[in-house]
Asks: 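One structure, pasted below without further comment.
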Amino acid sequence: MEKESPDALEKKVKERREGLPELPNAEDGKVVLRFAPNPNGPLSLGHARGVVINSELANMHDGEVILRFDDTDSVVKRPDPAAYAMIEDDFTWLAGREPDRIVRASSRMEIYLEYASKTLAEEHAYVCQCTGEAFKEFRVSKTNCPCRNRKVEENLKLWQEMNDGTILPGGAVIRIRTDMSLPNPALRDWPALRIQHTDHPIVGNKYRVWPLLDFQSAVEDYLQGVTHIVRGKDLMDSTRKQTLLYEKFGWTYPETLYWGRVKVHEFGGFSTSQMKSDIAGGKYSGWDDPRLPTLRAMRRRGYDAGAMRKFWIDLGLTQKDIAVPLSTLNSLNAKAVDADAPRLSFVREPCAVILDISETGMQQVTLPIHPEHPGKGIREWPLEDDIIKVSIARDDMDSSGEKRLKDFADIKITSEKAAEGLVGEVTRTERVGNTPIIHWLPENMAQSAILLVEEDGELVAAEGLLEINDYPDGTIIQLERMGFAILEGLDENGARKMVRLHA
RNA sequence: GCUCGUAUGGUGUAGCGGCCCAUCAUGGUGGACUCUCAAUCCAUCGACCCGGAUUCAAAUUCCGGUACGAGCACCA
């Protein structure tokens, strides 16, 4: 009765792991992750990895994701008050749900300062008044800095002076007392808080001493009960520094995973601060300028959140530094968007051709809305007169000879009338041979339109004629022979506006 | 300089000592289909950084080398 052959039994098929690997030491339902951007601008494609990985991992383990704004620096990476809401919005769009908790570091300052004075009181830290230069020498020579021996009372007094403004920025810093002979120089008495008198965009001048990332993040992860941290491998030493602090308090450090650097080839050199100044300088129209790698810009162009999630999940969670072409994302996005994208004809830089169609006997042309989904219906282009005027793209005029107007007829250009345009002649309506197919529009089906497209870094508004349609704004369409675009209202001249997505 | 990390087809990725003459995706090539330069379909190309060691058996473990990357900020 054994139906399977012994061979089949031995040859079990090896399963390929789908999606992300399971989190180590994860108890379903109790996992807490966090995504912690600096709110100095909206999220970009690079941040998307953090949103996707963390939210996906939380989904897999029935856990929570915290969106934490690490806004403790008001000098180097100054927070943008408008960024908080943009980031929440970006997060929700990409993750497909809202973060379970939202934490703003700047509104938790009292807590951080309390922990800071506690580390001082318990001799886990000290006030260091050396200059950065001076301390660097102690660090490389593995020698203790003189401030290290200060008594607790003295430290507390200086701490007071740091907080009341007596000590100016740069005058002192709080260092965690680790061990100056540690082999890894990055860990030797690392700085935890510094003085900042620059007003904070959200909380103003209320605080004079602000925590650095390693301290703020360490304390907050503990308070929030974060169980797993996924971060860039450039933060490996942060993990080590923070673990040293956790040990002092008797806390257990979360499981930590790392990813390597990713470079998306087409979006090579964009940083949030660079984009910000370029927008201010008028180089870009705003955060949603189609040339930018921000989530807002990509969303505006028609990128699908699910495709973007798949993109990052497929790249996985490895520590390799990788460079991926945008075409990989585009390929996933095309798959996500194609089935719902109605086909339309767009004639860029149109030129008119006069045609006598009386011999064809055709009164209308019918085309599918989507060639693979006939159920979506058809498009009908009425051809009302014997002499009609059609438009074809200037680019399609380049080569001479016959052309086939898609789904209609083969034509050839016979002459040119200065006023009216070109004059053509229908040679046949049936499809024979392989006459090059071009797309076109009859005059009564054409409305003026512009297509916003990036060409060599410039945003070009390509003028042309779009097939008349009543799809609402935001509809992703496929322009036949050109690629995907999204409908976006009317421009100042009343022309239908489109933004190009990708091929 | 010190410390840490990574190395599988063009690009990503799976692989946790024998199911591996290595997975999947993307890409390239050829073909089929198609009144879109899209989509679909079929076929095909193409990789375990190098050298030792352990083992009956290594992409998988260990050691050394090389390459690349990161940290050593009063940024995050």
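Naming convention: chains lettered A, B, ... in sequence-line order (proteins, then strands); numbering from 1 in each chain.
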Asks: How far does the P atom of B:G51 sit from the matching atom of B:A59, given to the nearest Å?
Replies: 13 Å
Asks: Do A:Arg17 side-chain and B:U23 base share a donor-acceptor contact under 3.5 Å?
Replies: no
Asks: The side chain of A:Pro325 is closest to which nucleotide in this list: B:U11, B:C74, B:U36?
Replies: B:U11
Asks: Which nucleotide, B:A76, B:U3, B:G5, lies nearest any side-chain atom of A:Thr72?
Replies: B:A76
Asks: Check every strand shown and say whether A:Gly260 touches a base, only sugar-phosphate, or nothing at a heavy-atom separation below 4.0 Å.
Replies: nothing
Asks: Do A:Leu45 and A:Phe270 make a side-chain contact, defined as non-hydrogen atoms from C-beta onward lying under 4.5 Å apart?
Replies: no
Asks: Counting only side-chain N and O atoms of A:Lys241, is one of them less than 4.0 Å from OP1 or OP2 of B:G71?
Replies: no
Asks: Hey, does A:Ala323 reach any base, or is it just sugar-phosphate, or nothing, if we go heavy atoms under 4.0 Å?
Replies: sugar-phosphate
Asks: What nucleotide among B:U13, B:G71, B:U36 has an atom nearest to a side-chain atom of A:Arg16?
Replies: B:U13
Asks: A:Asp407 near the nucleic acid: base, sugar-phosphate alone, or nothing, with a heavy-atom cut-off under 4.0 Å?
Replies: base
Asks: Say we look at B:G28 and B:G10: how far apart would their C1' atoms be, to the nearest angstrom?
Replies: 8 Å
Asks: If you only use heavy atoms from C-beta on, which nucleotide in B:A76, B:U13, B:C75 is closest to the side chain of A:Asp234?
Replies: B:A76
Asks: Would you measure the distance from the C1' atom in B:G52 across to the matching atom in B:A47 and give it in whole Å?
Replies: 23 Å
Asks: For the C1' atoms, the ones on B:A14 and on B:A22, what distance do you get once it is rounded to whole angstrom?
Replies: 9 Å
Asks: Using atom P in both nucleotides, what's the gap between B:U44 and B:C24 to the nearest angstrom?
Replies: 12 Å
Asks: Looking at A:Arg194, does any N or O in its side chain come under 4.0 Å of the phosphate oxygens OP1/OP2 on B:C75?
Replies: yes
Asks: Any idea which of B:C75, B:C4, B:G12 is nearest the A:Val324 side chain?
Replies: B:G12
Asks: For the C1' atoms, the ones on B:C16 and on B:A57, what distance do you get once it is rounded to whole angstrom?
Replies: 16 Å
Asks: Should the side chain of A:Lys406 and the base of B:C35 be counted as holding a donor-acceptor pair, with the cut-off at 3.5 Å?
Replies: no
Asks: Dot-bracket, 5' to 3', for RNA chain B please: Watson-Crick or G-U pairs under 3.5 Å, [ ] where pairs cross earlier ones, | where the partner sits on another strand, dots elsewhere.
Replies: (((((((..(((.....[.....)))((((((.......))))))...(((((..]....))))))))))))....
Asks: If the C1' atom of B:C48 is compared with that of B:G12, how far apart are they to the nearest Å?
Replies: 15 Å
Asks: Which residue pairs satisfy the salt bridge (Lys or Arg N to Asp or Glu O under 4.0 Å) criterion with at least one member in residues 318-337 of chain A, sequence neighbours excluded?
Replies: A:Lys233-A:Asp321
Asks: Does any non-hydrogen side-chain atom of A:Phe69 lie less than 4.5 Å from one of A:Ser107?
Replies: no
Asks: So which nucleotide from B:C74, B:C75, B:U36 ends up closest to the side chain of A:Arg343?
Replies: B:U36
Asks: Establish, yes or no, whether a centroid distance under 6.0 Å links the rings of A:Trp440 and A:Trp381.
Replies: yes
Asks: Check whether the side chain of A:Arg431 and the base of B:C35 form a donor-acceptor pair under 3.5 Å.
Replies: no
Asks: NA contact type, A:Pro169, heavy-atom cut-off 4.0 Å: base, sugar-phosphate, or nothing?
Replies: nothing
Asks: Looking at A:Glu480 and A:Arg379, is there a salt bridge between them, counting it only when a charged N and a carboxylate O are closer than 4.0 Å?
Replies: yes
Asks: Remember a base hit wins even if backbone is also touched, and classify A:Ser345 as base, sugar-phosphate or nothing at under 4.0 Å, heavy atoms.
Replies: nothing
Asks: Take atom C1' in B:C21 and the same atom in B:A53, then report the distance between them in whole Å.
Replies: 25 Å
Asks: Can you identify which nucleotide, out of B:A76, B:U13, B:G5, has its nearest atom closest to the A:Gln319 side chain?
Replies: B:G5
Asks: OP1 or OP2 of B:U13 versus the side-chain N and O atoms of A:Thr318: is any pair under 4.0 Å?
Replies: yes
Asks: May I ask you to verify if any side-chain N or O of A:Thr328 is less than 4.0 angstrom from the OP1 or OP2 atom of B:G27?
Replies: no
Asks: How long is the straight-line distance from CG of A:Leu182 back to CH2 of A:Trp190, given to the nearest 0.5 Å?
Replies: 12.5 Å
Asks: Closest nucleotide of RNA chain B for A:Pro183 versus for A:Thr131: which of these residues is on the 5' side?
Replies: A:Pro183
Asks: Give a yes-or-no answer on whether the side chains of A:Tyr112 and A:Thr72 include a donor-acceptor pair shorter than 3.5 Å.
Replies: no
Asks: Of the listed nucleotides (B:G71, B:A76, B:U36), which one gets closest to any side-chain atom of A:Asp237?
Replies: B:G71
Asks: Between A:Asp199 and A:Arg78 (salt bridge meaning N to carboxylate O under 4.0 Å), is one present in this structure?
Replies: yes
Asks: Categorize A:Leu332 for me: base, sugar-phosphate, or nothing, with a 4.0 angstrom heavy-atom threshold over every strand shown.
Replies: nothing
Asks: Can a donor-acceptor pair be found between the side chains of A:Tyr303 and A:Asn330 at a distance below 3.5 Å?
Replies: yes
Asks: Does B:U13 have its OP1 or OP2 closer than 4.0 Å to a side-chain nitrogen or oxygen of A:Lys320?
Replies: yes
